[in-house]
Amino acid sequence: MARCWLFLLFSSLFAALCSVNTMAAPFAPKRHVSVDLIAENTSIQPGQTLTVAVREKIEPGWHTYWINPGDSGEPTMIAWNLPDGVTAGPILWPAPHVIPVGPLANYGYENELLLLTEIKTPPQLPPGDLALSAKVRYLVCKDICVPEEADVLITIPVKERGEKSEFAGPIEEARKALPTQFPGTASYSVNPAEASLQLAVIAQDNLLDGIKDAHFFPLAWGIVSNPAPQQKQISGERLILDLKQGDAKETPATLDGLLVLTKQNGERTGYNLSAARTANPPVLGAKSSNATPPANAGGASSYSIAGGGGIAGGLLFAIFFAFLGGLILNLMPCVFPVLALKAFSFSSAKESHREQGFAYLAGVVASFAVFAALIALLRQGGAALGWGFQFQSPVFVLALAMLFFVLGLSLSGLLSLGAGLASLGDSLTRKPGVAGYFFTGMLASVAATPCTAPFMGAAVGYAMTQPVYGLLAILLALGLGFAAPVFVLSLSPSLQRVLPKPGAWMETLKQVLAFPLYATAAWLVWVLSIQTGSDGVMAAGLTIIGVAFAAWLAGKTVFASLPVKLIAPAIGLAALAFGASIATTAGSGNVAPEAAALQAEPFSQARLDELQSEGKPVFVNLTAAWCITCKVNERIALKSATIANAFHSAGIVYLKGDWTKQNPEITALLHRFGRAGVPLYVFFPGHGAPARVLPQFLTEGLVLDEIKTQSASQPTPKGA
Amino acid sequence: MTFLKSAVATAALTGFLMMAPALAAPEVGKPAPDFTAKDSNGKTVKLSDYKGKIVVLEWTNDGCPYVRKHYSSHNMQTLQKDAATKGVVWLTIISSAPGEQGYLTGDEANKLTKERDASPSAILLDPEGKIGHLYDARTTPHMFVVNAEGTLVYMGGIDDKATTNVADIKTAKNYVRAALDSVEAGHKVENAVTRPYGCSVKYSS
């Protein structure tokens with residue numbers, strides 16, 4: 001027992017002895033930065049300006065801060081103590097780096113930092129040594145922060161001639177790397193609805209050639225969000241950066257800051273700029289490489305749009321086009337079968353036709369209002385959204401396919417009324433009286449969303465950029481246009497008389513109409529196959545069998561007791577859940593290889609920027625599996641060997657973006673051109689010429705003309 | 001006909017839904033986002049419980065030199081006491097993730113409060129950073145003031161001198177004090193959004 005205690009005593013003594021070394025000096029926290037003051041010259045002439053630098057050697061992994069430290073932190077501050085008549089200028093800050101810290105971002109430096117300062121001396125100086133001292137205070141952080149301070153001092157002899165010191169080299173290098181005044185003009189505009197700012201600069205001297213990255217560092221707090229990514233667009237000598245607004249939501253007359261451009265080889269250069277606030281959103285597209293456009297990137301020169309049409313100017317136009325688009329939607333194959341059925345029953349139902357019409361209208365309006373609410377809420381939440389987005393969810397596609405299949409079954413007479421939850425959609429639309437019409441209205445609206453007709457594309461895209469009331473107005477106009485034909489039919493007695501009298505033919509027609517519904521279901525399964533591959537198709541197949549079985553069982557148990565009646569809907573739901581679980585976990589689909597003579601590269605923003613900075617012409621096709629217009633256009637206008645040859649000889653790169661699954665880069669490009677849905681065809685002729693948007697209905701001739709005219713009118717490429 | 005009415009009502013309701021408050025970061029002039037949290041004694045606390053009282057939210061991390069500046073000088077404690085006499089509810093919130101600087105268990109937090117003579121109405125433990133992210137709390141200290149109706153009236157720094165130097169407190173303009181005075185007097189808060197300064201909140205990511 002005693003031995004144990006002795007051992008303990010000795011080991012603790014030993015430990016104490018070992019710690020004596022560290023205890024010898026008065027307790028000093030370990031410094032993370034070693035600071036000293038270096039001067040460019042070894043001696044100084046009276047009246048001369050001497051460049052000195054506070055040198056911070058920062059421990060790896062730690063960082064100090066720029067003049068605007070970002071979301072947290074504090075910049076280095078130098079408090080000079082100088083002889084009479086000697087003055088020090090401000091710190092000349094090098095270009096900082098973005099240092100992300102979780103959801104925040106700071107601006108600062110790592111490893112080694114030279115903070116240059118100019119010391120001015122008076123023409124008369126007493127002979128001897130000049131003592132330059134300062135207290136340097138800074139915050140140095142890694143995951144925790146430590147404020148440190150250091151006293152620095154150098155003495156420099158006053159002599160007839162100044163001589164360069166050993167530090168002249170590094171100081172000169174640091175001076176060369178300092179940010180300079182931006183050669184060009186800069187402006188910015190505000191988009192309050194999206195809480196974003198757009199910075200637009202026009203650079204001289206081929207500054208933007210070969211630029212890989214651009215970042216704007218604001219000088220003041222609160223105007224620009226620090227952690228938000230900055231999407232860039234470069235075209236020739238124009239650069240546009242999308243910035244998110246900061247907390248203060250201020251929009252000063254000038255936005256001051258540092259624009260740092262990174263070349264392909266990693267070289268970074270900083271430019272001080274002061275961007276004037278303008279009312280018009282900046283757009284790309286300079287007329288010629290030699291012109292010096294005015295500082296106001298005026299809204300008049302919008303990107304040119306081939307073949308007429310384009311962004312509707314003004315809310316009223318958008319509403320009008322939305323109404324027209326809604327009318328046309330009635331003809332879409334995903335909508336027509338559901339409607340045709342309902343239109344006939346106007347002539348046979350007991351209730352007032354007017355009530356039925358209003359109920360249908362209400363159903364449509366309610367659906368579109370819900371869409372608008374969803375888009376507005378999700379847009380607030382920052383999700384990049386587009387029309388038809390719900391079709392990017394495999395579960396939604398599967399569910400809709402099943403719904404149409406079940407409706408088809410009921411039209412075929414294989415499913416009787418009130419049979420289980422699996423046929424809820426159908427039974428809702430078959431509810432007697434006005435309720436049925438209300439739900440028909442809702443069902444038709446849901447099915448209409450992916451069929452982005454030509455008139456709708458521009459109007460909905462415009463709606464997405466509007467504040468809430470504009471969005472609501474446009475989507476409601478769309479809904480009203482959509483509901484109009486059926487509504488009119490219900491109101492006008494004379495038109496109703498034109499409708500054929502009920503008879504046996506209605507039953508036959510009803511059965512025939514089941515087939516477009518089956519076709520829609522099949523098409524949805526094809527969309528699913530693109531999203532989830534063959535596994536998804538297998539899942540859909542099994543789900544269909546499960547649902548069909550449930551439907552048959554429901555028919556058999558119609559007169560059974562309640563517990564037995566519940567078996568069928570239970571099976572139906574289980575089948576749907578099974579299918580949905582496979583749909584969400586199945587991998588990405590086999591991309592159907594299109595036997596195209598025209599070779600397509602997959603679209604990515606980085607690739608587009610790269611090609612643009614190389615001055616190459618690019619043809620961008622944004623499409624999606626559910627987009628019928630896109631498929632038709634591709635088949636008609638982009639498949640032939642003629643097109644392939646034309647692209648090849650003009651050196652045009654063909655980028656194809658598939659929006660079947662969520663893709664934020666594609667969504668961003670759609671937004672940039674004011675669209676919310678596909679298709680979108682944009683031709684970038686290259687060498688800084690403005691982007692040209694092609695119409696949503698393509699023909700081969702149209703595409704060829706576009707390529708030829710642009711190639712012919714190319715400005716001569718900027719000379720070497 | 002009744003079904004028609006309910007259909008129209010549904011459409012109207014969805015219209016109202018769109019006027020609902022934004023789900024994004026908090027904004028001065030809008031309702032302060034409600035939250036539920038456990039305090040250092042294990043009791044569940046909701047912001048909406050305090051409707052009818054002015055509430056101050058203070059994000060803290062006792063290892064941060066900026067927090068220490070205001071606690072070692074008793075600046076924060078004085079502010080808390082003055083606020084308490086006015087019936088203001090003071091909630092100190094710790095959003096540091098476990099293992100990060102500033103993280104404390106309930107007992108440790110209570111001990112710290114005693115040690116530094118602080119007097120918050122409650123210390124809320126937010127190790128998952130839910131409330132921190134809800135309010136986009138970025139620094140320690142980061143201060144928010146909510147009026148008796150539940151509207152956010154101030155968010156930002158505690159004062160206008162963003163340093164760790166205790167000597168700067170005397171000459172700095174204390175935004176929180178000014179905000180509380182304005183709310184009490186029924187005036188609009190003058191500097192409603194200011195730059196929060198301090199160390200970054202030590203979230204888990």
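Each chain gets a letter, A, B and so on, in the order its sequence line appears, and its residues count up from 1.
Rounding to the nearest 0.5 angstrom, the gap separating the SG atom in C199(B) from the CG atom in D143(A) is 11.0 Å. Summarising the geometry, atom OG belonging to S200(B) is positioned 6.5 Å from atom CG belonging to N106(A); distances are rounded to the nearest 0.5 Å. To the nearest 0.5 angstrom, N165(B) atom CG is 5.0 Å from R137(A) atom CZ.
Applying the 6.0 Å contact sphere to CD1 of I91(A) captures more than 12 heavy atoms from other residues, nucleotides or ligands. At most 12 heavy atoms of other shown residues, nucleotides or ligands fall within 6.0 angstrom of atom CD in E128(B). When the shell of 6.0 Å around NZ of K81(B) is examined, it contains more than 12 heavy atoms from other residues, nucleotides or ligands. Residue K46(B) places its NZ atom among 12 or fewer non-hydrogen atoms of other residues, nucleotides or ligands, all under 6.0 Å distant. In E115(B), the CD atom is crowded: over 12 heavy atoms of neighbouring residues, nucleotides or ligands sit closer than 6.0 Å. By the neighbour-count criterion of 12 heavy atoms within 6.0 Å, atom NZ of K53(B) is sparsely surrounded, having that number or fewer from other residues, nucleotides or ligands. The local environment of NZ in K130(B) is sparse, with at most 12 non-hydrogen atoms from other residues, nucleotides or ligands closer than 6.0 Å.
Counting heavy-atom pairs closer than 4.5 Å to chain A, the top residue among G156(B), G63(B), G198(B) is G198(B). When M155(B), R195(B), Q101(B) are compared by the number of non-hydrogen pairs under 4.5 Å with chain A, R195(B) comes out ahead.
A pairwise comparison of heavy atoms in T163(B) and E74(A) identifies CA-OE1, 3.3 Å as the closest pair. Of all heavy-atom pairs spanning T164(B) and P147(A), the tightest one is OG1-CB, 3.5 Å.
Judged as a ring-ring contact (aromatic ring centres under 6.0 Å, His included), and not counting sequence neighbours, H97(A) has no contacts.
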Evaluation steps, side-chain contact (heavy atoms from CB on, under 4.5 Å), between Y66(B) and L139(A): CA-CA 10 Å; Y66(B) 294 87; L139(A) 187 74; 3.3 Å; yes

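Looking at P103(A) and Y203(B), their side chains come closer than 4.5 Å, going by heavy atoms from C-beta outward.
A salt bridge links R138(B) with D247(A); the closest basic N to acidic carboxylate O contact falls under 4.0 Å.
With a 4.5 Å cut-off on non-hydrogen atoms, C141(A) does not touch chain B at all. T194(B) touches chain A through its backbone: at least one of N, CA, C or O sits under 4.5 Å from a heavy atom, while the side chain does not. Of the two parts of L104(A), only the side chain, counted from C-beta on, holds a non-hydrogen atom closer than 4.5 Å to a non-hydrogen atom of chain B. Using a 4.5 Å cut-off between heavy atoms, N61(B) makes no contact with chain A at all.
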